[in-house]
Amino acid sequence: MILRSVNSNHVNNEEVGNLGQGRDSLDKNKPKVPSENLRYTVVNGDAGLGHCLSDSQEDFIEREWRGGERGDMVSEAPPPPTPSYWECFSTFCQQTILHGWHYLTAEPEDARLPRRCCPCCTCPACTEPGSMLNYSVTNLSEPETLHSSTHQTCSTSQTNHNHSNGGNHSHTNRTTRSDSNVYRSVFWSIIVFASVVSGGFFLHDNTSEFLKSTVQTTLDSMVPLTQVLFPSVVVCNINQIRKSLFNELGFYDNETLVRIMYEDFIKGTKDNSDNSTYQGSDFEDDEHHSLKRKEFYQVLRNYLINKEISVNKSIIWLSHQSCDDMFIYSKWNGSTTYTHGENKRDFGTDYGICCWYTPQLNFSEIPYGEDTDWNYWFGTVTKGAKTGKDNGFSVLFDIESFDYGYYDEGSEGLKVAIVHHLDMPIMRQRAFHIAPGTENQIPITPTLYTANPQVLTRFTPTQRDCYQEHEIDLKYLPKSHGYRYEMSNCLFEAAFEKILEECLCAPGFHNEGGGSAMENYEVCTGGQLACSNEILNRMGQYSKVIDTVDNVTKECLSNCEDQTNDLFVTTSNYPNRKTFKDREEFCILGRKLFNNTCKSPKRLPLGADFPDLCTTLEELPDFLHQCKNNRWRRERIPNKTLALAIESEIYNYAKSNMAIINIFIKEPYSKRFRKTEKMSRIAYIASSGGLLGLCMGFSFVSLAEILYHCFICVSLFFKKSSKSTHIMKDLYANNSHNKG
């Protein structure tokens with residue numbers, strides 16, 4: 001170990017031995033100096049052994065410290081030379097742990113000479129060969145009382161020692177070693193350069209991939225049904241215009257008025273002004289047709305006044321089959337509901353007016369109106385579902401196919417869509433058909449989608465391809481009306497905004513959330529309705545919406561948290577002729593026909609398809625008594641022929657009009673997919689470190705080495721520059737004093 005003072009005076013062995021007990025004698029022999037702390041440097045050895053080295057062998061850090069403290073010698077000798085960049089680089093190469101870098105600099109000459117020790121002290125070549133820069137640890141604990149004249153003695157002795165032992169090698173050996181160093185340096189320079197270039201290339205590619213990589217969707221796990229929402233069901237009758245409505249209006253057999261109503265309010269091929277003429281496929285430009293149109297509008301106005309009905313939205317709110325008339329009964333989790341009031345919610349969709357069923361909610365408890373807080377009520381729907389048909393939702397419908405007056409569809413039955421309870425159902429795209437006279441099993445397989453918190457915080461919505469709920473809100477499907485953000489909702493919103501822009505009207509079916517549009521635009525009718533229907537049929541082509549959160553236009557993306565429901569439908573014939581009379585739906589249907597249908601304007605179209613149905617039921621005035629507790633009691637009816645006739649008529653009606661859907665969760669678990677980072681920050685650091693380590697043995701310690709050496713060398717350069725300035729000032733001051 002080398003023990004050096006700040007002024008480079010070395011302590012010999014005798015003095016070191018007397019550090020503890022001979023301090024007084026030293027003080028007597030030494031001149032007194034001001035009391036201040038003396039810094040000592042410990043280098044590779046024991047502090048008890050003082051090493052003597054010459055000025056040429058000392059590293060430049062020691063010389064810097066010495067020169068900074070020996071103010072008395074400033075005028076006697078110039079400052080030591082500033083260390084070169086090569087000295088810094090050579091020191092780094094010899095001390096770094098990077099593979100191969102220590103071969104880049106020539107092997108120090110002293111490292112190849114026999115290590116001999118001078119008589120006065122131990123040579124640094126014995127313990128620290130070469131001329132590497134020595135970044136020493138400096139102690140600040142000892143006072144400056146050990147200044148000795150032994151430095152000159154050790155320096156003189158070591159100089160003689162160097163002259164006698166270190167300078168007699170042959171010129172040939174030095175030339176051979178020099179050539180060997182050159183070849184070695186060139187070879188390892190090529191290797192190190194190639195490793196640095198390849199490491200940089202790999203690091204560039206890895207960084208580029210990290211910056212470009214966004215998210216990936218992977219199967220996370222199977223989750224229990226406690227995290228699954230049972231879906232809502234939206235059911236539309238394919239028929240959107242009742243023939244019985246024409247009977248109520250008073251022109252049941254007037255085909256011209258029926259066609260005007262259809263074209264102006266349903267199909268949308270004619271402007272609805274009173275003085276315009278029909279311009280359909282078979283053009284009629286005559287006064288008779290214009291009069292008929294005026295007659296129709298007058299009849300419609302009188303009907304609305306007499307019924308005290310105000311239709312500010314669309315005539316289809318009157319023309320569609322009522323959900324009360326469609327509903328027979330429903331079953332949910334083992335309980336049965338016989339009144340539609342608990343499920344009643346007529347809902348406008350892109351196809352028309354449909355019936356909404358959310359089995360978790362009792363709609364009879366909800367105050368229905370324009371100010372209904374659907375966000376609150378739908379917020380009470382909690383997660384949790386059970387598997388199996390008995391734990392599902394079943395509904396029995398009467399589609400009243402005899403009352404069909406809508407001829408745009410060539411089939412009869414129901415359109416059914418399984419949706420999230422906060423979604424706008426897109427019936428034109430998602431609905432499937434249910435035929436009358438069938439029982440339909442609809443098993444559902446829910447799938448959950450989520451995203452890691454790192455994905456949500458690191459990436460923008462465009463990069464992760466999804467929005468969080470708080471990042472976007474739709475203007476005409478707002479959360480305050482019981483909607484959420486979702487891709488299908490966004491596409492509907494985009495189409496709705498396109499209708500307002502191009503057709504200059506508001507679709508009359510959208511009453512939940514679209515009220516603000518109807519305040520500023522007229523309800524679509526005639527030619528505007530045709531424009532609206534055309535855009536709705538192209539739904540999906542428009543994908544930009546106005547975000548009310550940031551008041552900017554955004555692209556439609558999916559929701560980061562979502563649930564989709566995959567399904568398939570199996571169908572069987574319903575009802576069974578032999579067992580139908582023994583089931584409760586026989587009496588429920590008979591009671592509806594006896595009390596409602598046969599005593600309403602629907603009797604006229606019903607009689608066209610089932611001429612004997614109402615008359616046969618009316619022949620048994622106590623029919624309701626015979627169906628007490630929803631059980632048909634044929635044995636109590638004296639007239640067996642009438643009883644059989646009633647059974648046959650009700651069965652035939654049920655076969656043509658009734659349909660059952662059974663919706664249930666198929667599996668006792670659900671799949672969950674998760675959006676994750678394609679390359680996380682930790683993965684990027686690990687892969688980059690592995691590539692750099694593979695190429696040149698790079699690590700965080702290597703980075704610390706590089707920063708350390710750069711800091712030391714730069715600080716020394718600045719220190720030398722500052723010191724030279726002070727020396728020149730002192731020299732100038734001394735010269736001025738001498739001249740004076």
Side-chain angles (χ1 to χ4, degrees), residues 237 242-244 247-248 252 321-331 334-343 394-404 412-414 434-440 572-662:
N237 197 320
R242 299 179 289 111
K243 289 188 67 175
S244 56
N247 190 25
E248 296 173 19
Y252 181 78
Q321 182 190 15
S322 166
C323 292
D324 289 314
D325 295 337
M326 183 188 297
F327 180 83
I328 301 297
Y329 70 72
S330 66
K331 295 182 179 180
S335 62
T336 304
T337 300
Y338 297 101
T339 58
H340 185 255
E342 296 184 10
N343 298 283
S394 300
V395 190
L396 176 62
F397 297 104
D398 179 8
I399 68 172
E400 295 184 345
S401 60
F402 62 88
D403 206 16
Y404 271 41
E412 61 182 11
L414 303 172
I434 297 296
T438 60
E439 181 172 0
N440 303 271
S572 59
N573 293 328
Y574 175 86
N576 183 290
R577 178 180 289 274
K578 299 183 181 299
T579 61
F580 180 61
K581 66 181 186 302
D582 300 321
R583 297 180 59 85
E584 63 176 346
E585 50 261 38
F586 176 87
C587 287
I588 296 173
L589 178 60
R591 186 183 297 111
K592 176 197 172 187
L593 294 172
F594 184 81
N595 285 338
N596 299 325
T597 308
C598 292
K599 297 178 181 179
S600 70
K602 293 183 179 181
R603 179 165 183 163
L604 184 60
L606 175 63
D609 289 353
F610 304 96
D612 300 327
L613 177 58
C614 291
T615 56
T616 302
L617 290 175
E618 291 170 349
E619 290 181 10
L620 186 63
D622 62 343
F623 172 80
L624 299 180
H625 179 72
Q626 301 302 331
C627 271
K628 189 176 182 179
N629 298 325
N630 290 334
R631 294 296 177 186
W632 172 245
R633 306 297 178 87
R634 183 205 295 175
E635 65 277 4
R636 297 184 179 182
I637 302 176
N639 189 343
K640 303 301 180 183
T641 303
L642 179 60
L644 292 173
I646 291 175
E647 293 175 3
S648 178
E649 289 293 334
I650 294 178
Y651 170 78
N652 291 334
Y653 178 89
K655 188 70 175 176
S656 300
N657 293 277
M658 295 184 70
I660 296 179
I661 58 173
N662 301 307

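For reference, positions follow the sequence shown, starting with 1.
Between L414 and M326, the closest side-chain pair of non-hydrogen atoms falls below 4.5 Å. Looking at E619 and N639, their side chains never come closer than 4.5 Å, going by heavy atoms from C-beta outward. Looking at heavy atoms from C-beta onward, V395 lies in side-chain contact with S330 at the 4.5 angstrom threshold. Side-chain contact check for L593 versus R603: every heavy-atom pair is 4.5 Å or farther apart. No side-chain heavy atom of D325 sits under 4.5 Å from any side-chain heavy atom of N596. With a 4.5 Å cut-off on side-chain heavy atoms, F610 and S656 count as touching. A heavy-atom distance below 4.5 Å is not found between the side chains of L396 and K331. In this structure, the side chains of L644 and R634 come closer than 4.5 Å at one or more pairs of heavy atoms.
Using a 30° and 60° split on the angle between ring planes, F594 and F623 fall in the tilted class, from 30° to 60°. Using a 30° and 60° split on the angle between ring planes, Y653 and F402 fall in the tilted class, from 30° to 60°.
Annotation: the span from L606 atom CG to T597 atom OG1 amounts to 6.5 Å, rounded to 0.5 Å. Expressed to the nearest 0.5 Å, how far CD1 of I328 lies from CD of E584 amounts to 11.5 Å.
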Give the intermediate values and the outcome of salt bridge (charged side-chain N to carboxylate O under 4.0 Å, His left out) for residues R242 and E400.
CA-CA 9 Å; R242 299 179 289 111; E400 295 184 345; over 6 Å; no

Trace of the salt bridge (charged side-chain N to carboxylate O under 4.0 Å, His left out) decision for R583 with E439:
CA-CA 14 Å; R583 297 180 59 85; E439 181 172 0; over 6 Å; no

Does R636 form a side chain to side chain contact (heavy atoms under 4.5 Å, CB included) with Q626? I'd like the steps, not just the answer.
CA-CA 7 Å; R636 297 184 179 182; Q626 301 302 331; 3.5 Å; yes

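Side-chain N or O atoms of D622 include none that pairs as donor or acceptor with a backbone N or O of H625 at under 3.5 Å. Although no hydrogens or angles enter the test, the distance criterion places no donor-acceptor pair under 3.5 Å between the side chain of N440 and the main chain of I661. The backbone N or O of D398 sits less than 3.5 Å from a side-chain atom of Q321, completing a donor-acceptor pair.
Nearest heavy atom pair, residue Y574 against residue T438, reads CB-C, 3.6 Å. Scanning both residues, F580 and A654, for their nearest heavy atoms gives CZ-CB, 3.7 Å.
Of the N and O atoms on the side chains of N237 and Y404, at least one donor lies less than 3.5 Å from an acceptor on the other residue.
In K640, the NZ atom is crowded: over 12 heavy atoms of neighbouring residues, nucleotides or ligands sit closer than 6.0 Å.
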